[in-house]
Trainee: 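Have a look at the structure that comes next, please.
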Amino acid sequence: MDPHLLRTFVAVLDHRSFSVAASALGYTQSAVSQHIAALEADLGARLVERRPVAPTPAGARLMEHAPALLLRLDAARTDISRLRHARSTQLTLACSPAALTPAIAQVLVQLRAAAHALDLEVQTLGREAVLAEVLTGRADLGLVDGTAAPSDPLPLPDLGPATTLAAAEEPLAVLFPDHHPLARRRTVRLTDLAQAHWIDAPDTAIPLDRLRDVCRTDGFRPRIRHRGTDLHGLAALATTGHGLAALPLPLAATLGGTAVPVAEPRLIHRTELVHAANPAEMTRRLAELLTGDHTRRGAGWSSVALGGGRS
């Protein structure tokens, strides 16, 4: 498949409009129509309904593959470019909200003290956006968080070759309003909360589909949805009774309400460092500060193709 045609296809379905996609891509509407027609001819299937604009069953199936395919192409181009254009004094760190902790901020103090004239940028993004920023070269290093069994890696999506390393493991907790009957418990079992009201906040709290996976249930249905990376906004919703949220215990304990540790299933909140397979020197130095030299030399330091489900 021609990636130019694939990008046009994704834009049309993202915007649900041929004209808006044309404007976003800098094409004429006629060119966009021709791209979609050419892609449909190549695949031998109608992909887009025209009025209203919507994916056909074949188009919906292609959309399951297209964003990852395009990101993989961008990552490959960036990987080659990185070999030729190493940045010695610039560093961009992308973090999911719960991964940017005071401990991480203190490590950045150490890096700035050791590296003179460092041009440092820190971004707070959703988990999937962090991975995309790293693999396309817009960020040098990423920190993503999620939940896993103790010592297990996060189930990150398959986005190509990258280096991943554990940066932190903390207890997992559920954030309750102070008046909630379970707020007085010392620990809770997630399976007991499967039918409770939850907040769907995939970029800040542990995603609800992940809780369903680890508890093997179709529960954990959202009462409301929270979009964005504002942890304090999420906490305001949780602590006033709009729904529960699963967060790392040290963080949840600072947000108001009552944070109760999760006892079953046995899970931890894990933060992982992600960078390209061939990092620049400044990225290597930050990785060493985040993990320690002993980890870099040990089994925990590995270059892998990210695989699995969502974090």
Side-chain angles (χ1 to χ4, degrees), residues 1 3-15 21 24-26 62-83 85-87 90-100 104 120-148 153-167 200-207 209-210 226-231 270-280 282-283 286-287 290 303-311:
M1 285 178 286
H4 297 293
L5 304 184
L6 198 59
R7 289 187 195 279
T8 301
F9 166 76
V10 170
V12 166
L13 290 186
D14 279 347
H15 295 291
L25 295 171
L62 181 59
M63 274 296 284
E64 295 177 8
H65 299 279
L69 290 171
L70 293 172
L71 182 57
R72 189 70 175 267
L73 288 171
D74 289 341
R77 181 181 296 276
T78 299
D79 218 17
I80 300 304
S81 176
R82 189 181 289 109
L83 296 175
H85 302 104
R87 301 184 302 173
Q90 292 180 302
L91 183 70
T92 299
L93 171 64
C95 302
S96 55
L100 184 54
I104 298 300
L120 176 64
E121 179 176 317
V122 179
Q123 304 172 349
T124 304
L125 306 166
R127 295 176 180 89
E128 293 181 1
V130 168
L131 294 172
E133 291 294 294
V134 172
L135 294 174
T136 56
R138 293 188 291 268
D140 300 292
L141 188 146
L143 288 168
V144 290
D145 74 291
T147 191
L154 293 180
L156 298 176
D158 182 4
L159 294 173
T163 297
T164 63
L165 187 65
D200 180 24
D203 285 331
T204 45
I206 301 301
D209 59 356
R210 178 64 176 150
H226 174 267
R227 295 293 179 261
T229 58
D230 180 8
L231 279 167
R270 182 178 171 96
T271 299
E272 290 189 358
L273 174 155
V274 183
H275 65 66
N278 299 297
M282 197 61 66
T283 302
L286 178 55
L290 287 168
S303 182
V304 297
L306 302 180
R310 293 181 60 190
S311 59

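Heads up: numbering here begins at 1 and tracks the sequence.
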Trainee: Would you mind reporting whether V274 and V130 have side-chain heavy atoms less than 4.5 Å apart?
Mentor: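 With C-beta onward as the side chain, the pair stays apart.
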Trainee: Give a yes or no on whether a salt bridge exists between R270 and D145, defined as a side-chain N under 4.0 angstrom from a carboxylate O.
Mentor: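 No, this pair does not count.
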Trainee: Taking R210 for the side chain and G146 for the main chain, is one N or O donor matched with an acceptor at less than 3.5 Å?
Mentor: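 Not a single qualifying donor-acceptor pair exists.
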Trainee: The criterion is side-chain contact (heavy atoms from CB on, under 4.5 Å); which residues satisfy it with P97, sequence neighbours excluded?
Mentor: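 So P97 forms a side-chain contact (heavy atoms from CB on, under 4.5 Å) with T124, T204, T229, L231.
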Trainee: If you compare all heavy atoms of S96 against all heavy atoms of R127, which two are closest, and at what distance to 0.1 Å?
Mentor: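 For S96 versus R127, the nearest heavy atoms are CB-CG, 3.9 Å.
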Trainee: Could you state the interatomic distance from NE2 (H275) to CG (L135), rounded to the nearest 0.5 Å?
Mentor: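 CG of L135 is found 11.5 Å from NE2 of H275.
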Trainee: Flag the pair D203 / H226 as yes when at least one side-chain heavy-atom distance between them is below 4.5 Å, and no otherwise.
Mentor: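 D203 does not reach H226 side chain to side chain.
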Trainee: Provide the closest heavy-atom pair for H15 versus A24 in the form atom of the first, atom of the second, distance.
Mentor: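 Minimum heavy-atom contact is NE2-CB, 3.7 Å.
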Trainee: With a 3.5 Å distance limit and no angle check, can you tell me whether R227 reaches the backbone of A201 through a side-chain donor-acceptor pair?
Mentor: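 Side chain of R227 to backbone of A201: no pair is present.
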Trainee: Can you tell if the side chain of L70 reaches within under 4.5 Å of the side chain of L6, non-hydrogen atoms only?
Mentor: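 Of all side-chain heavy-atom pairs linking L6 with L70, at least one is under 4.5 Å.
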Trainee: Under 4.5 Å between any side-chain heavy atoms of M63 and D14, yes or no?
Mentor: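 When only atoms from C-beta onward are counted, D14 and M63 do touch, with a gap below 4.5 Å.
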Trainee: Evaluate the side-chain proximity of V134 to L141: yes if any heavy-atom separation is below 4.5 Å, no if none is.
Mentor: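 A side-chain contact under 4.5 Å is absent here.
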Trainee: How many angstroms lie between CG in L273 and OG1 in T163, if you round to the nearest 0.5 Å?
Mentor: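 These two atoms lie 9.0 Å from each other.
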Trainee: Any side-chain heavy-atom pair from M282 and D140 closer than 4.5 angstrom?
Mentor: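 Not touching, per the 4.5 Å side-chain cut-off.
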Trainee: Going by heavy atoms in the side chains, are L143 and L93 under 4.5 Å from each other?
Mentor: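 SC-SC contact between L143 and L93 confirmed.
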Trainee: E121: which residues meet the side-chain contact (heavy atoms from CB on, under 4.5 Å) condition with it, sequence neighbours left out?
Mentor: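 With sequence neighbours excluded, E121 shows a side-chain contact (heavy atoms from CB on, under 4.5 Å) to T92, Q123, given in chain and number order.
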Trainee: Hey, could you give me the CD/CG distance between E128 and L156, rounded to the nearest 0.5 Å?
Mentor: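 Spacing of CD (E128) from CG (L156) equals 10.5 Å.
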Trainee: Say you draw a straight line from OG1 of T164 to CD of E272; how long is it, rounded to the nearest 0.5 Å?
Mentor: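 One gets 5.5 Å once the value is rounded to the nearest 0.5 Å.
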Trainee: Rounded to the nearest 0.5 Å, what's the gap from CG on L73 to CZ on R7? Could you check?
Mentor: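 It is 6.5 Å, given to the nearest 0.5 Å.
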Trainee: Determine the minimum heavy-atom distance between A139 and A94, stating which atoms define it.
Mentor: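 Closest heavy-atom pair between A139 and A94: CB-CB, 3.9 Å.
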Trainee: Quick check for you: to the nearest 0.5 Å, what is the distance between M1 atom CE and H65 atom NE2?
Mentor: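 Result: 8.5 Å between the selected atoms.
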Trainee: Can you name the side-chain contact (heavy atoms from CB on, under 4.5 Å) partners of H4, sequence neighbours left out?
Mentor: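 Scan of H4 (side-chain contact (heavy atoms from CB on, under 4.5 Å), adjacent residues dropped) gives D2.
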